[in-house]
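Read the structure below first, then the notes.
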Amino acid sequence: MNLKSLFHWSYIFPILSVVYYSLGITDNSPLLAILGGALLISSVLGAVHHAEVVAHKVGEPFGTIILAIAITVLEVGLIVSLMVAGGKETDKLARDTVFAAVMLILNGILGACLLLGGIKFKEQFFARTSGNMALISLVAIVVMTLILPNYTTTELSATFSKAQLIFFSIASLIIYSTFLMVQTVRHRNYFLPENDDEQHAEPPTNFESTMSLIFLIICLGVVVFLAKALSPQIENMVHSFGAPQALVGVIIAAVVLLPEGMAALKAARRNQFQTSLNLALGSAIASIGLTIPCVAVVSIIYEMPLLLGLDIKSMVLLALSLYTVMLSLNRGKTNILYGVVLLVNLFAYIFTVIVP
């Protein structure tokens with residue numbers, strides 16, 4: 001790696017984004033807010049580029065796991081920081097953020113990949129077993145953490161008692177850890193792409209891959225913190241249209257998930273749907289399986305209320321999304337219809353957020 005390559009846009013723009021965020025000028029004017037948005041998008045593109053370099057070095061499915069866990073850790077950090085700063089008023093923040101992330105991943109990222117792949121290749125193939133294992137893990141964690149709190153009797157308001165919160169947090173970690181072990185060790189072959197157009201490309205050097213890993217973390221951090229910094233402008237825009245506050249969380253979740261979404265779409269465009277599936281379902285499991293235990297610890301330490309149970313409307317939409325994904329992935333091959341249905345589910349979710 002020579003000195004010239006260090007002036008690549010994927011290194012320059014994240015550094016400019018860090019400088020912009022450090023100066024704290026996001027609230028000064030609309031023009032500066034637009035500049036912040038442009039830098040945010042450039043950081044998203046940079047994250048995708050560096051994730052591809054790291055994935056090429058370590059191979060699949062480790063590359064997709066690195067991106068999914070990195071984004072989830074930063075998402076958890078954002079939620080925890082807002083919870084500690086906001087106190088009791090943020091009792092629904094973790095639930096709403098996790099639910100939005102799961103809905104956007106299942107319907108948005110996965111639906112867009114199915115649609116793009118269906119348009120370009122008519123059918124794409126993947127290991128059906130990998131999708132089944134991921135969905136089994138996801139459904140178990142989702143039901144235990146977002147639906148069961150509505151039906152336990154120790155507490156009366158869609159919350160777990162302290163003992164229940166500890167138990168189901170441990171259960172989520174066990175399920176996610178086992179899935180990760182199966183994905184990377186015991187049944188790794190289920191998650192490997194069958195066709196790889198770039199398998200003969202020269203792998204990056206150790207220095208290049210290390211730099212990309214460092215800048216991947218920087219880019220993801222910039223995406224999260226710039227999204228947080230720009231949230232007042234997002235709130236003002238939402239309020240100017242008369243939309244409810246819940247839409248702000250959906251927009252911020254969408255921004256945070258952009259790197260994963262773009263990486264999954266690029267894989268689908270290359271006829272590597274298995275990689276897209278690994279990214280989508282893996283990040284959904286990581287998002288809920290790691291976030292809930294972390295916010296549970298914060299809730300217990302700071303004695304903060306934590307509402308986890310979804311309302312009836314959200315449970316119906318979640319069940320619809322999970323069932324549609326299960327049917328879409330039960331044959332080991334895709335087509336355009338599955339993508340269209342999932343994207344319609346996504347628009348129905350967003351519409352009911354705006355018009356509840």
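Numbers here simply count residues along the sequence, with the first being 1.
Cluster annotation: V19 is not connected to I217 through the hydrophobic network of ILVMFWY side chains, with a link wherever side-chain heavy atoms come within less than 4.5 Å. Both V102 and M326 are members of a single hydrophobic cluster when ILVMFWY side chains are connected at heavy-atom separations under 4.5 Å. Hydrophobic clustering of Ile, Leu, Val, Met, Phe, Trp and Tyr side chains at less than 4.5 Å, counting indirect connections, keeps L307 apart from I147. Hydrophobic cluster membership is shared by F168 and I301, with clusters built from Ile, Leu, Val, Met, Phe, Trp and Tyr side chains linked at under 4.5 angstrom. Cluster membership for I41 and F225, using ILVMFWY side-chain heavy atoms within less than 4.5 angstrom, is shared.
Counting heavy atoms of neighbouring residues, nucleotides and ligands inside a 6.0 Å radius, atom CZ of F13 does not exceed 12 of them. Within a 6.0 Å sphere centred on NZ of K313, heavy atoms belonging to other residues, nucleotides or ligands number more than 12.
With T97 contributing its side chain and A94 its backbone, the two residues share no donor-acceptor pair below 3.5 Å. At distances below 3.5 Å, not a single donor-acceptor pair connects side-chain atoms of S43 with backbone N or O atoms of C219. Looking at S299, its side chain never comes within 3.5 Å of a backbone N or O of V295 through a donor-acceptor pair. Within the 3.5 Å criterion, the main-chain N or O of L257 finds no donor-acceptor partner in the side chain of E260. Judged by distance alone, with hydrogens and angles left aside, the side-chain atoms of R128 form a donor-acceptor pair with the main-chain N or O of N330 at under 3.5 Å. Side-chain N or O atoms of T334 include one that pairs as donor or acceptor with a backbone N or O of Q124 at under 3.5 Å.
We find the NZ-CG distance between K92 and L306 to be 12.5 Å, quoted to the nearest 0.5 Å. Atom CZ of F126 sits about 9.5 Å away from atom CZ of R331, to the nearest 0.5 Å. Atoms CD1 and OG, on I174 and S137 in that order, are 12.5 Å from each other to the nearest 0.5 Å. Interatomic distance, CG of N271 versus CG of L116, reported as 10.5 Å (0.5 Å rounding). Atom OG of S212 sits about 5.5 Å away from atom NE2 of H49, to the nearest 0.5 Å. In this structure, S314 OG and D96 CG are separated by 8.0 Å, a value rounded to the nearest 0.5 Å.
Contacts of K266 classified as salt bridge (charged side-chain N to carboxylate O under 4.0 Å, His left out), with partners at least two apart in sequence or in another chain: E52.
Checking L329, I105, I109 one by one against L281, the side-chain contact (heavy atoms from CB on, under 4.5 Å) holds for a single residue, L329.
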Which atom pairs, one a donor and one an acceptor, fall under 3.5 Å between side chains of residues 339-356 and the rest of the protein, sequence neighbours left out?
residue	atom	partner	partner atom	Å
N345	ND2	T324	OG1	3.4
T352	OG1	A348	O	2.9
T352	OG1	Y349	O	2.9

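In this model, a donor atom of one side chain and an acceptor atom of the other lie less than 3.5 Å apart for N206 and K57.
Across all non-hydrogen atoms, the minimal contact from A264 to L279 is N-CD1, 3.6 Å. Taking each heavy atom of S209 and V53 in turn, the nearest pair found is CA-CG1, 4.3 Å. Across G309 and P149, no two heavy atoms sit closer than the pair N-CB, 3.9 Å. The two atoms that bring I65 and Q183 nearest to each other are CD1-OE1, 3.4 Å, heavy atoms only. Listed here is the closest heavy atom pair of Y176 and I141: N-CD1, 4.5 Å. Nearest approach of V222 to P14, heavy atoms of both residues: CG2-O, 4.2 Å.
With a 4.5 Å cut-off on side-chain heavy atoms, M315 and N150 count as touching. Proximity of M144 to I175: side-chain heavy atoms (C-beta onward) are separated by under 4.5 Å at one or more points. Within the 4.5 Å cutoff, no side-chain heavy atoms of T145 are placed close to those of V98. Side-chain contact between L138 and L106 is present, with heavy atoms from C-beta onward closer than 4.5 Å. A heavy-atom distance below 4.5 Å is found between the side chains of I288 and L146. Side-chain contact between L308 and L165 is present, with at least one heavy-atom pair separated by less than 4.5 Å. With a 4.5 Å cut-off on side-chain heavy atoms, L110 and Y338 do not count as touching.
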Give the intermediate values and the outcome of side chain to side chain contact (heavy atoms under 4.5 Å, CB included) for residues T129 and H187.
CA-CA 10 Å; T129 308; H187 296 290; over 6 Å; no
Show the numbers, then the answer: is there a side chain to side chain contact (heavy atoms under 4.5 Å, CB included) between L45 and W9?
CA-CA 10 Å; L45 297 174; W9 66 268; 3.8 Å; yes
Might you work through the side chain to side chain contact (heavy atoms under 4.5 Å, CB included) test for L290 and L173, ending with a clear yes or no?
CA-CA 7 Å; L290 295 178; L173 287 174; 4.1 Å; yes
Does the pair L115 and I336 meet the rule for a side chain to side chain contact (heavy atoms under 4.5 Å, CB included), with working shown?
CA-CA 5 Å; L115 179 62; I336 191 173; 3.4 Å; yes
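Less than 6.0 angstrom separates the ring centroid of Y11 from the ring centroid of H50.
Classification of the F191-F179 ring pair by plane angle, with boundaries at 30° and 60°, yields perpendicular.
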